[in-house]
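Order of the sequence lines sets the chain letters (A, B, ...), proteins ahead of strands, with each chain counted from 1. This is a predicted model, so every value here is computed, not measured.
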Number of protein chains: 2
Amino acid sequence: MPITPDLIARTGLRLLNEVGLDGLTMRMLAKELDVQAPTLYWHVKNKHELLDLMAGLIVAEASDGVEAPGRNETWQQWIAGLARRMRDAMLRYRDGARVAAGSYSTGPSIGRTFELVLRTLTDAGFSTTEAARAFPAVLHYVVGFTIEQQARTGENYEGPNPYAQKMTIDETRYPLTASVTKELYALDSDDNFEYGLHIVLAGIEAVRQKAVP
Amino acid sequence: MPITPDLIARTGLRLLNEVGLDGLTMRMLAKELDVQAPTLYWHVKNKHELLDLMAGLIVAEASDGVEAPGRNETWQQWIAGLARRMRDAMLRYRDGARVAAGSYSTGPSIGRTFELVLRTLTDAGFSTTEAARAFPAVLHYVVGFTIEQQARTGENYEGPNPYAQKMTIDETRYPLTASVTKELYALDSDDNFEYGLHIVLAGIEAVRQKAVP
DNA sequence: GTTGACAATCTAGCACCGTTAGAGCTAAAT
DNA sequence: ATTTAGCTCTAACGGTGCTAGATTGTCAAC
């Protein structure tokens, strides 16, 4: 099989699950492809570009095969589905959110999906401007949530993950925090993601200028 | 001046603005403190812990001096102010959002601020559970937004930042995307942050169980 | 005053990193 | 047959996080 930037990025993504982002090296990637490390630099400018390619693959995985909303599907349901796809794609790889966040990514399926988002929202009565400003808010929430989830879940600490330490809270100084500790530490459940997503979607609805009857 | 973990982290934060996260090395940090590199390891376990300390400082800067809402201040205004403080604190340092995101950070001012958040929201009629789940959604949005802004703004690409490339959009295949390109590329303005923040806050209001009259 | 203990820093160096220079191989084009 | 282009190789450079172990400074106990 010939070595291509795409194959390199795909292999990098696979290795991510074994060694994490900080453990991923060009040499290891080369060995996985039965090639010497400098060979990679003929296909890829540098590691940063490789990470951008990996980010692009993650986003592409999320947006691949996305279809316009069904007849009985509200825009909220459809956008929520897209947000979940995005989160799932990032969760599929260790440190996936850190890789995907703020990396330059382009590609046919991404452009197509974005166009679909705009069309769905304008069909629902939003102006294109509203749509173009509201959708990134969803993405930013998704990325922020997932980065934190993976930081908490991940194995990036050699010793015990400090997140996992049972934080003892001074009940007299911080009574509310103490009373709510349970909710805070069941936080990696999908429920909290859905809760926040629901907030953002409800916010988009609430903020909309009701120009359409 | 004696070397302490706090001083090391503070110096690291200062250097961040000169060299960025990828350029920050222990040796350079040591030189800045007029010390040899291994000395740092007496005060700090490893670089990861140092980054956590730096993240803690950023969050502390954001939450330091936060006061309970004023008499004529709605909870929306107050939370929005907190969100802006958080964003400003991250923007103060190059790659600040990447450093702060998903790092373990604790500290007295942070705990105090979180308690204040819960109190403000419960005073506004939210249950503690609602408050404890809604506030992280705000933070996740802020972090996601700021990471992307800094990735776009930052100088982490040696050549021209690919984000800055004037993306030429196929007007016939992606008419809506093309028509909205302007809004997309004025994106680093504070306006878009405020727009998304407004969405999230409106969403919290909309989602609330109106148990209080 | 000497001794010891301990905190803090030092020198030296290991294993590994991203990356470059430049030589070598292979297969198609002339 | 020779050139060209595409791709991979070996060798190495400067730099990285980090550890081991010797060395210093300080200050209390004897």
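Contact annotation for Leu50(A): no contact, since no heavy-atom pair falls under 4.0 Å across all strands. At a threshold of 4.0 angstrom between heavy atoms, the contacts of Pro38(A) include nucleobase atoms, whether or not backbone atoms are also involved. Across all strands shown, Leu40(B) has no heavy atoms under 4.0 Å from either base or sugar-phosphate atoms.
If you check dT19(C), dC10(C), dG17(D) against the side chain of Tyr41(B), the one that comes closest is dG17(D). Among the nucleotides dG6(D), dT19(C), dC18(D), the one closest to any side-chain atom of Trp42(A) is dG6(D).
At a threshold of 4.0 Å, the pair Arg119(A)-Glu115(A) does not count as salt-bridged, since none of the basic side-chain nitrogens sits closer than that to a carboxylate oxygen. Ion pair Arg10(A)/Asp6(A) flagged as a salt bridge, since at least one NZ, NE, NH1 or NH2 atom sits closer than 4.0 Å to an Asp/Glu carboxylate oxygen.
Across the protein-nucleic acid pair, Asn46(A) atom CG and dC17(C) atom C1' stand 14 Å apart, rounded to whole Å.
Within a 6.0 Å sphere centred on CD of Glu171(B), other residues, nucleotides and ligands contribute 12 heavy atoms or fewer.
Position along DNA chain C of the nearest nucleotide to Ile3(B) versus Thr25(A) favours Ile3(B) as the more 5'-ward residue.
The shortest distance between the side-chain N/O atoms of Thr39(B) and the OP1/OP2 oxygens of dC10(C) is below 4.0 Å. Close to dG6(D), at under 4.0 Å from its OP1 or OP2, lies no side-chain N or O of His43(A).
No donor-acceptor contact under 3.5 Å links the side chain of Arg27(B) to the base of dG15(D).
Figure legend: Arg87(A) and Phe145(A) shown without cation-pi pairing, the cationic atom not lying both under 6.0 angstrom from the six-membered ring centre and within 45 degrees of its axis.
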